[in-house]
Colleague: 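Below are the structure tokens for one structure; questions will follow.
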Amino acid sequence: MTSTAVRAELAEMELCDLEQFLVSLGEDRFHARQIFQWAYKRGVADFQRMSDLSKALRASLESRVTLSTPRIVARERSADGTEKFVLETGATGGSPAQDTRRIESVFIPETPAMTLCISTQVGCAMGCAFCLTGKMGLVRNLTAGEIVGQVRVLGGVLSLLDTRFNIVLMGMGEPLHNYDQTMKALRILADGAGLAVSPRRVTLSTVGVVPGLDRLAAEPIMPNLAISLHATTEEQRSRLVPLSRKYRIEDVLAACRRFPVKRRDRITFEYVLLDGVNDAPEDARRLVRLLHGIRAKVNLIPLNEAAGIPFARPSDARVNAFAQILADHRVTVSVRKSRGRDIRAACGQLIVEGQKPSPGQRLAGAMGSPPA
Ligand code: SAH
Ligand code: SF4
């Protein structure tokens, strides 16, 4: 046995965990709120700088607690202002479960809202045919602390921590395939003692993990929901989205119909347009019929092309014709502007080269629907 005690990991604690931890040290639980303020609102990871804590408590925390923070290993700025960050996890110690992996997070300076696009997994098990992240397979899940850590790091360097910003879970990974850590991350982000990111400012994008959708429907914390649909027939979707062989379009839409959507809110349906594959007028008309009775809006995403992706981006004329059919049938539709394509920060272009495969890749089958 080694005499070095493993230090507790603040990044993985919800406020209530930190309160309990302080009580176990014989300290007052209210210090948890002060520590959350420092760590999240002010981006301070060094306990010695938490000046409203007693010197004794600061020293005690320093010897017992660590706050692992992903390290920025690359930062690239696109001509349109989008910035892609490559972060390395587990960089300042942390738990042995958190090996060092590279993930990508993106800052999108939309006006007026600033948006952080963050990852929930290293790679992804779902293997969608048009997605580079899918090509990596799943390397491992991110912990809640690593998911929130991306927000702490980007928020810190972009001076956003004390401002309002949006978060989209549209980086690497399938959030509902890492359900517990994703939800824990949303609770930490929402905590009023810390960043206080309202769930209304968070959008969770999923390819349609039906049991995850049903669990999400019962959560006290409810982010906005985006469903990656991409196709209008079962045959077509199962070729593009392997998970569709397990959870069919009709299953996903049934889960959407029973999802508690508040008045005035809608579910977003994302639809990647692939030239000559799913972008015909019949597809648009079928999409209208499929979404009938669902409080829906559609976000069309013309494919971001990449080497190794065997599809092409449709012409603007085809994209507009598709959008027009939806609009003519009173379906709210928007076409996603592709941001950061010059630095490969656009949707589906997140992949970190040189990832070592790990035993975690076997997790790929854990939800039962690895790529074919
Ligand atoms: N796994 C989740 C969230 C991450 S992917 C999901 O699939 O919803 C975020 C979005 O990027 C999804 O809608 C996905 O379909 C889209 N996307 C993936 N590859 C793309 C590509 N090459 N071009 C455009 N959008 C892509
Ligand atoms: Fe995974 Fe989403 Fe990419 Fe599909 S589109 S492989 S679910 S990240």
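Note that ligands are numbered from 1 as they come in the structure, with each ligand's atoms numbered from 1 the same way.
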Colleague: Between Met183 and Leu216, is any pair of side-chain heavy atoms under 4.5 Å apart?
Modeller: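 Counting from C-beta outward, Met183 and Leu216 do come under 4.5 Å.
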Colleague: Give the atom numbers and elements of ligand 2 that come within less than 4.0 Å of a heavy atom of Met126.
Modeller: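 What qualifies from ligand 2 is 1 (Fe), 7 (S).
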Colleague: Check Glu305 against ligand 1 and report side chain, backbone, both or neither, counting heavy atoms closer than 4.0 Å.
Modeller: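 No part of Glu305 comes within reach of ligand 1.
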Colleague: Could you go step by step and tell me if Leu273 and Arg313 meet the side chain to side chain contact (heavy atoms under 4.5 Å, CB included) rule?
Modeller: CA-CA 7 Å; Leu273 286 166; Arg313 182 187 184 88; over 6 Å; no
Colleague: Would Leu169 count as a contact of ligand 1 if the rule is a heavy atom under 4.0 Å away?
Modeller: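 Under 4.0 Å: yes for Leu169.
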Colleague: For residues Leu87 and Ile72, determine if any side-chain heavy atom of one lies less than 4.5 Å from a side-chain heavy atom of the other.
Modeller: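 Counting from C-beta outward, Leu87 and Ile72 do come under 4.5 Å.
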Colleague: Nearest heavy-atom pair of Ala231 and Leu240: which atoms, and what distance?
Modeller: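 Smallest heavy-atom distance, with atoms named: CB-CD1, 4.3 Å.
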Colleague: Take every heavy atom of Ala306, measure it against each atom of ligand 1, and state whether any distance is under 4.0 Å.
Modeller: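 For ligand 1, residue contact (heavy atoms, under 4.0 Å) with Ala306 is absent.
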Colleague: Determine, for Glu282 against Arg286, whether the closest basic-nitrogen to carboxylate-oxygen distance falls under 4.0 angstrom.
Modeller: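 Between Arg286 and Glu282 there is no salt bridge, as every charged N stays at least 4.0 Å from the carboxylate O atoms.
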Colleague: For residues 150-161, please give each side-chain donor-acceptor pair under 3.5 Å, one per line with the distance, not counting sequence neighbours.
Modeller:
residue: Gln150; atom: OE1; partner: Ser105; partner atom: OG; Å: 2.9
residue: Gln150; atom: OE1; partner: Ser119; partner atom: N; Å: 2.8
residue: Gln150; atom: NE2; partner: Ser119; partner atom: O; Å: 2.8
residue: Gln150; atom: NE2; partner: Glu146; partner atom: O; Å: 3.3
residue: Arg152; atom: NH2; partner: Ser68; partner atom: O; Å: 3.3
residue: Arg152; atom: NH2; partner: Thr69; partner atom: OG1; Å: 2.4

Colleague: Near Val207, which atoms of ligand 2 are under 4.0 Å from a heavy atom of that residue?
Modeller: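 Matching atoms, with element in brackets: 7 (S).
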Colleague: Quick check on contacts: which atoms of ligand 1 are under 4.0 angstrom from a heavy atom of Cys131?
Modeller: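 By the 4.0 Å cutoff, the relevant atoms are 18 (C), 19 (N).
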Colleague: Are any of the N or O atoms of Arg336 closer than 3.5 Å to those of ligand 1?
Modeller: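 By distance alone, the answer is no.
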Colleague: Looking at Gly171, which atoms of ligand 1 are within less than 4.0 Å of one of its heavy atoms?
Modeller: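 Those qualifying, in numeric order: 4 (C).
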Colleague: Looking only at heavy atoms of Ala226, does any of them come nearer than 4.0 Å to an atom of ligand 1?
Modeller: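 So Ala226 does not count as touching ligand 1.
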Colleague: At less than 4.0 angstrom from any non-hydrogen atom of Leu303, what atoms of ligand 1 do you find?
Modeller: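 Counting from 1, the qualifying ligand atoms are 21 (C), 22 (N), 23 (N).
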Colleague: Indicate, as side chain, backbone, both or neither, the part of Leu132 found under 4.0 angstrom from ligand 1 when only non-hydrogen atoms are considered.
Modeller: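 Answer for Leu132: neither.
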Colleague: Which of these, Gly173, Ala125, Gly127, Ser228, has its nearest heavy atom closest to atom 8 (S) of ligand 2?
Modeller: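 Checking each option, the heavy atom nearest atom 8 (S) of ligand 2 is found in Gly173.
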Colleague: Under 4.0 Å from ligand 1, counting heavy atoms only, is it the side chain of Asn304, its backbone, both or neither?
Modeller: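 It is both parts that get close, each with some atom under 4.0 Å.
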Colleague: So, Cys128 and atom 4 (Fe) of ligand 2: N/O/S under 2.8 Å, yes or no?
Modeller: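 Yes, within the cut-off.
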Colleague: Any nitrogen or oxygen of Val272, side chain or backbone, less than 3.5 Å from one on ligand 1?
Modeller: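 No - when backbone and side-chain N and O of Val272 are compared with those of ligand 1, no distance drops under 3.5 Å.
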Colleague: Name all residues meeting the ring pair (Phe, Tyr, Trp, His ring centres under 6.0 Å) criterion together with Tyr40; count only those two or more places apart in sequence or in a different chain, and write none if there are none.
Modeller: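 Listed in chain order: Phe36.
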Colleague: Consider ligand 1: state whether an atom of it lies below 4.0 angstrom from any non-hydrogen atom of Ile301.
Modeller: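 Flag set, Ile301 near ligand 1.
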Colleague: Are side-chain N/O atoms of Gln324 and Asp328 paired as donor and acceptor at under 3.5 Å?
Modeller: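 There is such a pair (donor and acceptor under 3.5 Å, judged by atom type) between the side chains of Gln324 and Asp328.
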Colleague: Give the minimum heavy-atom separation between Lys262 and Arg295, together with the two atoms involved.
Modeller: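 Nearest heavy atoms, Lys262 then Arg295: O-NE, 4.0 Å.
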Colleague: So is Gly173 polar-close to ligand 1, meaning N/O to N/O under 3.5 Å?
Modeller: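 Yes, there is a polar N/O contact under 3.5 Å.
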Colleague: Contact between Glu88 and Arg102 at the side-chain level, heavy atoms closer than 4.5 Å - yes or no?
Modeller: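 Yes - at least one pair of side-chain heavy atoms lies under 4.5 Å apart.
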Colleague: Can you name the atoms of ligand 2, numbered from 1 with element, that are less than 4.0 Å from a heavy atom of Gly134?
Modeller: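 In order of number, 6 (S).
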Colleague: Give a yes or no on whether a salt bridge exists between Lys184 and Glu14, defined as a side-chain N under 4.0 angstrom from a carboxylate O.
Modeller: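 Looking at Glu14 together with Lys184, the answer is no, because their closest N to O distance does not fall below 4.0 Å.
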Colleague: If I compare all heavy atoms of Met172 with all of Gly123, which pair ends up nearest, and what's the gap?
Modeller: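 Taking every non-hydrogen atom into account, CE-N, 3.5 Å.
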Colleague: Take the angle between the ring planes of Phe130 and His230 and call it parallel below 30°, perpendicular above 60°, tilted in between.
Modeller: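 Correct class here is perpendicular.
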Colleague: I need the contact type for Ser205 against ligand 1. Using non-hydrogen atoms and a strict under-4.0 Å cut-off, is it side chain, backbone, both or neither?
Modeller: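 Within the 4.0 Å criterion, Ser205 contacts ligand 1 through backbone and side-chain atoms alike.
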Colleague: Return yes when at least one N/O/S atom of Cys124 is nearer than 2.8 Å to atom 3 (Fe) of ligand 2, and no when none is.
Modeller: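 It does not: Cys124 brings no N, O or S atom closer than 2.8 Å to atom 3 (Fe) of ligand 2.
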Colleague: Compute the minimum heavy-atom distance from Met126 to ligand 1 and say whether it is under 4.0 Å.
Modeller: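 In this structure, Met126 fails to qualify as a contact of ligand 1 - no heavy atom is under 4.0 Å.
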Colleague: What atoms of ligand 1 come within less than 4.0 Å of a heavy atom belonging to Glu270?
Modeller: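 Contacts of ligand 1 toward Glu270, numbered from 1: 10 (C), 12 (C), 13 (O).
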